[in-house]
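Right, one structure below, let's go through it.
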Amino acid sequence: MPVRRGHVAPQNTFLGIIIRKFEGQNRKFVIANARVQNCAIIYCNDGFCEMTGYSRPDVMQKPCTCDFLHGNHTDTHAISQVAQALMGSEERKVEITYHRKDGSDFQCYTHIIPVKNEEGVVMLFILNFDYVLEEGSSPFNHFKSSLLGSTSESNINKYSTINKIPLIALNFAERNNENKAQSPPSSENTIIAPKVKDRTHNVTEKVTQVLSLGADVLPEYKLQTPRMDRFTILHYSPFKAMWDWLILLLVIYTAILTPYSAAFLLNDREEQMRRECGYSCNPLNVVDFMVDIMFIVDIVINFRTTYVNLNEEVVSQPGKIAIQYFKGWFLIDMVAAIPFDLLIFGSGSDETTTLIGLLKTARLLRLVRVARKLDRYSEYGAAVLMLLMCIFALIAHWLACIWYAIGNVEKPYLEHKIGWLDNLGVSIGKRYNYSDPSSGPSIKDKYVTALYFTFSSLTSVGFGNVSPNTNSEKIFSICVMLIGSLMYASIFGNVSAIIQRLYSGTARYHTQMLRVREFIRFHQIPNPLKQRLEEYFQHSWTYTNGIDMNTVLKGFPECLQADICLHLNQDLLESCKAFHGATKGCLRALAMRFQTTHAPPGDTLVHSGDILTALYFLSRGSIEILKDDIVVAILGKNDIFGEMIHLYAKPGKSNADVRALSYCDLHTIQREDLLEVLDMYPEFADFFLKNLELTFDLRDENGKVHLHQMVQTQAYWVLCQNCMVSKHRWCPK
């Protein structure tokens with residue numbers, strides 16, 4: 001994916017810098033536009049809302065004199081000082097008493113900071129509020145150094161939103177902790193986060209489901225905890241998952257060491273030393289004994305582990321578990337756990353030693369069970385590639401052990417010493433002396449040479465420096481070549497497909513990008529709009545990874561679609577108080593009708609004069625609202641804009657432009673869809689329309705026609721007839 005070019009359309013980065021700097025220092029502030037009437041407030045942060053008890057819709061577009069905060073204890077002299085500061089162009093700090101929305105008063109310092117362009121004209125006012133107890137000896141020295149006088153050293157950003165405002169680097173110093181006092185408690189309700197224990201439980205179950213090597217685990221199995229004996233183990237428990245991984249490692253150890261021990265160690269001088277020294281003198285014997293014990297313990301655990309029957313029910317009765325295990329893997333697990341070498345240790349005969357080697361290979365039967373459980377990881381391309389390589393190496397290891405066993409069994413009976421072991425001894429200068437058992441190549445030489453031969457044969461290379469000479473060796477070599485051809489076709493033939501699947505996302509991106517460029521070339525899209533199209537496509541692909549949510553949802557039943565949409569819109573439905581009175585069914589209906597929109601910086605979401613066909617909920621990023629290229633509002637997370645649909649008969653026209661300041665995510669719902677839901681749930685309609693607060697109303701005032709203004713006119717009856725046709729029962733008659 002190519003490097004993103006960044007912002008391709010002009011943006012008002014100045015306001016974004018101010019907001020980020022102030023928000024990062026937990027300040028309480030508002031921003032007012034000095035170019036509009038009454039210096040209307042275009043942005044207020046959450047700290048100011050918590051301080052005053054007013055919501056953002058209550059504050060937006062109010063005069064920055066903050067008349068709505070005045071009360072009986074507000075001093076008239078302080079009010080005049082604030083007004084004089086807003087009429088002038090100098091910074092001023094005023095101590096004043098304000099009143100919250102609930103009527104309680106608080107004393108604070110209001111710091112009024114004018115922001116000028118390079119011509120010295122005041123463009124913005126920043127009002128910062130601090131409780132008197134929070135104020136230190138020199139609270140705003142850094143305000144002066146960063147804002148005042150910054151015009152002389154800044155470049156002019158000639159954007160259409162705010163003309164000739166310099167890009168000011170706001171570097172506010174952090175206050176000392178000892179100068180901070182606790183703010184008075186907010187009047188808003190406290191939101192209690194979920195318990196840590198509950199979150200940990202959910203994470204543990206998810207990790208267990210991924211790591212589990214037992215039976216398939218479905219979420220439905222855990223909706224109801226089964227009643228069971230206290231010694232019974234749940235098949236999806238963390239302990240069982242970790243135990244399965246431990247057994248997997250022991251099976252891998254057995255798959256490697258058992259053939260090697262049976263072929264190279266038995267009937268050799270190490271075996272003779274073991275007989276003379278005792279069973280416990282060899283570390284491998286001790287490890288094998290511990291592995292046998294772990295396999296026996298695994299059998300006991302399997303007798304106490306729940307399983308899922310054909311009816312998708314968790315079975316926890318010990319009797320049924322035992323019957324199920326007896327019918328399944330008990331015989332294989334039992335044979336793999338028998339310590340044959342310990343049971344017949346000390347017999348001393350060659351036949352017994354050979355029998356031990358053959359019986360120990362029965363442990364490899366456990367690989368069948370492991371292979372079936374590893375199927376669940378087949379969807380991961382990298383894991384499959386690594387697994388195939390390991391399987392290829394493991395089979396080469398087994399064939400190397402067989403290759404050595406053939407040569408070792410034939411060697412004493414050959415009249416002419418032409419076996420591959422004799423040739424190996426000659427080539428490396430370690431000839432066999434049949435009167436001396438310790439003569440000939442070492443075990444390391446024999447194993448490495450055997451492994452080299454099997455790898456070269458399986459890959460169809462065959463250099464010929466290790467070659468079969470006897471009939472038995474030639475027959476085995478033919479079998480190895482047949483196996484190698486099948487493995488080469490099945491394993492390495494799929495490598496290209498696996499690698500292609502790993503890069504399938506990149507291939508899909510380039511395919512879609514080619515279509516966009518072909519569209520641009522065919523329709524001769526001009527360069528600025530072309531850059532915006534490509535930037536939006538790159539951002540959308542990065543955010544969604546090329547997944548079309550609507551296409552994915554169509555593949556599921558409608559009930560499951562509702563659950564998915566409810567999850568995707570959960571944050572919005574929980575944070576917006578207008579939806580708090582909805583039932584579960586109503587929330588599902590709303591979630592099905594919400595659509596998510598992604599917008600890059602500089603993208604215009606709504607143009608002045610557009611029909612307001614939807615209600616917009618901002619969930620990420622920030623946007624600016626402009627009238628005649630003048631910023632009248634800046635909205636952030638959880639803000640709502642559009643129009644009050646219940647006050648108008650028909651959708652109105654937008655009175656402003658809405659432009660993204662940063663990468664934004666918006667939840668939109670069409671007007672007709674919302675009216676349909678309100679009609680289906682009339683008990684929710686009253687609550688929703690009463691608690692819906694628009695942060696900014698985009699409807700053009702010139703075209704406003706309220707329903708209650710039409711009561712005494714003939715048009716009212718026409719409107720009611722339209723509402724009756726649409727069955728909008730909540731419409732006031």
Side-chain angles (χ1 to χ4, degrees), residues 40 55-62 572-573 576-582 586 589-590 592-595 597 604-618 623-628 632-633 635 638-659 666-733:
S55 63
R56 188 171 292 145
D58 296 334
V59 178
M60 298 295 290
Q61 299 300 298
K62 292 287 196 304
L572 168 65
L573 298 176
C576 183
K577 65 179 182 180
F579 298 116
H580 290 177
C586 181
L590 287 169
M592 287 282 289
R593 288 161 175 82
F594 269 109
Q595 294 180 348
T597 304
T604 302
L605 305 173
V606 180
H607 291 82
S608 180
D610 286 353
I611 302 298
L612 299 174
T613 60
L615 198 60
Y616 300 85
F617 300 81
L618 186 59
I623 63 174
E624 59 181 354
I625 299 178
L626 306 96
K627 291 183 178 180
D628 299 326
V632 296
L635 308 185
N638 296 331
D639 284 336
I640 310 172
F641 61 95
E643 69 170 354
M644 302 295 286
I645 61 172
H646 60 294
L647 298 180
Y648 312 104
K650 296 180 179 180
K653 297 180 180 180
S654 174
N655 58 10
D657 295 326
V658 180
R659 181 182 299 169
L666 299 101
H667 297 273
T668 63
I669 184 170
Q670 295 297 315
R671 172 190 177 96
E672 293 302 323
D673 291 339
L674 182 58
L675 294 178
E676 181 182 357
V677 174
L678 295 179
D679 179 66
M680 291 189 299
Y681 298 91
E683 67 282 357
F684 165 71
D686 295 336
F687 182 89
F688 174 80
L689 299 175
K690 180 180 179 181
N691 292 275
L692 178 64
E693 293 183 346
L694 293 183
T695 310
F696 194 91
D697 192 346
L698 289 175
R699 188 178 180 94
D700 191 354
E701 294 291 337
N702 296 329
K704 176 182 292 188
V705 181
H706 288 274
L707 290 181
H708 60 76
Q709 295 176 347
M710 302 175 62
V711 173
Q712 298 178 352
T713 66
Q714 185 177 1
Y716 168 73
W717 301 106
V718 176
L719 174 63
C720 286
Q721 180 65 27
N722 292 336
C723 290
M724 287 163 51
V725 171
S726 301
K727 297 182 179 179
H728 296 158
R729 293 191 295 262
W730 49 268
C731 177
K733 297 293 191 292

Exercise: identify the closest heavy-atom pair between H607 and S654: O-CB, 3.6 Å
Heavy-atom closest pair, residues F579 and L573: CB-O, 3.7 Å
Are the side chain of D657 and the backbone of S608 linked by a donor-acceptor contact shorter than 3.5 Å? yes
The test is side-chain contact (heavy atoms from CB on, under 4.5 Å); show your working for L635 and V658 and say whether it passes. CA-CA 10 Å; L635 308 185; V658 180; over 6 Å; no
When rounded to the nearest 0.5 Å, the distance separating CE of M644 from CG of L692 is 4.5 Å
State, to 0.1 Å, how close A589 and Y681 come at their nearest heavy-atom pair, and which atoms those are. CB-CE1, 4.2 Å
Can you measure from CG (L694) to CE (M60) and round to the nearest 0.5 angstrom? 12.0 Å
Within 6.0 Å of NZ in K627, more than 12 heavy atoms from elsewhere: yes
Measuring from K577:NZ to K690:NZ, what's the distance to the nearest 0.5 Å? 10.5 Å
I need the T668 OG1 to L615 CG distance, nearest 0.5 Å. 9.5 Å
Can you name the nearest heavy-atom pair linking S55 to E693, along with the distance? OG-OE1, 3.1 Å
Please walk me through it: do Y616 and I623 pass side-chain contact (heavy atoms from CB on, under 4.5 Å)? CA-CA 12 Å; Y616 300 85; I623 63 174; over 6 Å; no
Interatomic distance, F641 atom CZ to L605 atom CG [nearest 0.5 angstrom]: 5.5 Å
For Q61, what residues pass the side-chain contact (heavy atoms from CB on, under 4.5 Å) criterion, not counting sequence neighbours? A40, V632, A633, F696
Is the shortest side-chain heavy-atom distance between Y648 and L612 below 4.5 Å? no
List the residues meeting salt bridge (charged side-chain N to carboxylate O under 4.0 Å, His left out) with E683, not counting sequence neighbours, and say none if there are none. none
For K653, all residues meeting salt bridge (charged side-chain N to carboxylate O under 4.0 Å, His left out), sequence neighbours excluded: none
All side-chain contact (heavy atoms from CB on, under 4.5 Å) counterparts of T613, not counting sequence neighbours: I611, Q670
List in chain and number order the residues that pass side-chain hydrogen bond (donor to acceptor under 3.5 Å, both in side chains) with D639, two or more places apart in sequence or in another chain; answer none if no residue qualifies. R56, T695
Would you name the heavy atoms of V677 and C586 that are closest together and state the gap between them? CG1-SG, 4.1 Å
Kindly compute the distance separating CD1 (I645) from CZ (R699), expressed to the nearest 0.5 Å. 11.5 Å
All side-chain hydrogen bond (donor to acceptor under 3.5 Å, both in side chains) counterparts of D610, not counting sequence neighbours: none
I'd like to know whether the aromatic ring centres of F617 and F594 sit less than 6.0 Å apart in this structure. yes
Closest non-hydrogen atoms of K650 and E643, given as atom of the first, atom of the second and distance, are O-OE2, 4.4 Å
Applying the side chain to side chain contact (heavy atoms under 4.5 Å, CB included) test to L678, which of D673, L689, D686 qualifies? L689
Could you tell me if the side chain of L618 sits less than 4.5 Å from the side chain of N638, heavy atoms only? no
